[in-house]
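The structure appears right after this line, and notes come after that.
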Amino acid sequence: MSNLTFTMIKPDAVQDGHIGAILAKINEAGFRIKAMKMTKLSAEKAGQFYEVHKERPFYGELCAFMSSGHIVAAILEKENAVADFRTLIGATNPANAEEGTIRKMFARSLGENAIHGSDSDQNALIEGSFFFSALEQF
Ligand code: UDP
Ligand code: MG
């Protein structure tokens, strides 16, 4: 099992001023930051990142949202990183997320749901290398 996951603080949470609070929760949960940057995705880059969802009805809206403002991308390290991070962020729809999860606390809606977390070890590596070169990972 790999010990890495990849996350993005999404444009809604950046705009709403939640970067600091979200990073504090990530630190408190025991994740080490291996790489981090604030950046902005073009619509094209957002489309590439979410390519697995391109047949889904929400794909266009998702790409428009994810390219609408700044994001904070990071690679995180912890034992059981993928599963533990999904637990920390909560369900995709914040209405269904557990109390105390990042999405419950900070998300606006199902689409604008504050944070991304990889769904597998393999995707964590693919997504991390989408944003960070080997020289940018510590
Ligand atoms: N999404 C949406 N409508 C949906 C399902 C998902 O807008 O019905 C968005 C939401 O921002 C979600 C992203 O698409 O985080 C990716 O969907 P996925 O099913 O992979 O959810 P996640 O892994 O982020 O929980
Ligand atoms: Mg997903």
Side-chain angles (χ1 to χ4, degrees):
M1 184 182 292
S2 160
N3 57 354
L4 299 179
T5 193
F6 171 78
T7 188
M8 288 183 284
I9 302 175
K10 296 187 180 183
D12 61 317
V14 173
Q15 273 159 20
D16 293 344
H18 297 316
I19 294 173
I22 290 173
L23 291 179
K25 288 200 58 88
I26 291 170
N27 277 330
E28 284 159 15
F31 291 87
R32 189 181 79 80
I33 296 168
K34 186 175 169 64
M36 185 163 68
K37 68 173 84 165
M38 183 155 76
T39 185
K40 189 169 184 293
L41 289 168
S42 64
E44 188 191 358
K45 278 283 178 194
Q48 283 171 26
F49 185 87
Y50 282 110
E51 189 131 35
V52 292
H53 292 311
K54 68 171 178 290
E55 306 304 332
R56 308 282 286 279
F58 57 82
Y59 179 69
E61 204 179 347
L62 175 61
C63 296
F65 165 60
M66 287 303 296
S67 58
S68 70
H70 294 92
I71 59 144
V72 175
I75 299 173
L76 304 175
E77 185 174 48
K78 182 186 181 297
E79 198 178 302
N80 201 34
V82 166
D84 286 0
F85 196 72
R86 298 287 304 199
T87 300
L88 179 67
I89 70 178
T92 306
N93 187 342
N96 302 329
E98 298 283 337
E99 288 299 330
T101 60
I102 289 173
R103 282 169 166 167
K104 184 69 167 191
M105 293 174 75
F106 302 117
R108 290 179 182 170
S109 66
L110 168 60
E112 303 192 1
N113 62 358
I115 192 158
H116 170 82
S118 303
D119 63 5
S120 68
D121 292 342
Q122 185 189 5
N123 283 334
L125 294 179
I126 292 168
E127 292 171 359
S129 61
F130 187 88
F131 282 89
F132 299 100
S133 74
L135 285 172
E136 294 173 310
Q137 300 183 32
F138 301 97

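Computed over heavy atoms, backbone and side chain alike; hydrogens, waters and symmetry mates excluded. Only a predicted model underlies this, so the values are computations on that prediction, with no experimental measurement involved. Note that ligands are numbered from 1 as they come in the structure, with each ligand's atoms numbered from 1 the same way.
Below 30°, between 30° and 60°, or above 60°: for H53 and F58 the angle between ring planes is between 30° and 60°, a tilted geometry.
Comparing L110, N93, T92 by heavy-atom distance to atom 21 (O) of ligand 1, the nearest is T92. For the residues F49, F58, F65, the heavy atom positioned nearest atom 3 (N) of ligand 1 is part of F58. One option in I115, I89, L62 has a heavy atom closer to atom 13 (C) of ligand 1 than any other, and that option is L62.
Atom 11 (O) of ligand 1 has G111 O, 2.8 Å as its closest protein atom, hydrogens excluded (heavy atom only). Nearest protein heavy-atom contact of atom 16 (C) of ligand 1 is H53 NE2, 3.6 Å.
Heavy atoms of H116 found under 4.0 angstrom from ligand 1: none, in either backbone or side chain. Contacts with ligand 1 closer than 4.0 Å are made by no heavy atom of M8, backbone or side chain.
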Candidate pair I71 and M66, rule side-chain contact (heavy atoms from CB on, under 4.5 Å), full reasoning: CA-CA 8 Å; I71 59 144; M66 287 303 296; 4.2 Å; yes
Applying ring pair (Phe, Tyr, Trp, His ring centres under 6.0 Å) to F131 and F6, what does each step give before you reach the verdict? CA-CA 10 Å; F131 282 89; F6 171 78; 5.2 Å; yes
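Atom CD of Q48 sits in a crowded spot, with more than 12 heavy atoms from other residues, nucleotides or ligands closer than 6.0 Å. Counting non-hydrogen atoms of other residues, nucleotides and ligands closer than 6.0 Å to CD of E98 gives a total of 12 or fewer. Heavy atoms from other residues, nucleotides or ligands lying under 6.0 Å from CD of E61 number 12 at most.
Judged by the 6.0 Å and 45° rule, K78 forms a cation-pi pair with F31. Judged by the 6.0 Å and 45° rule, K10 forms no cation-pi pair with F65.
The closest approach between K10 and ligand 1 falls below 4.0 Å for a heavy atom of the residue. Within the structure, the closest approach of R103 to ligand 1 falls below 4.0 Å when heavy atoms are considered.
Of all the atoms in ligand 1, the ones that sit under 4.0 Å from a non-hydrogen atom of N113 are 10 (C), 11 (O), 12 (C), 15 (O). Those atoms of ligand 1 with a heavy atom of R86 less than 4.0 angstrom away are 22 (P), 23 (O), 25 (O).
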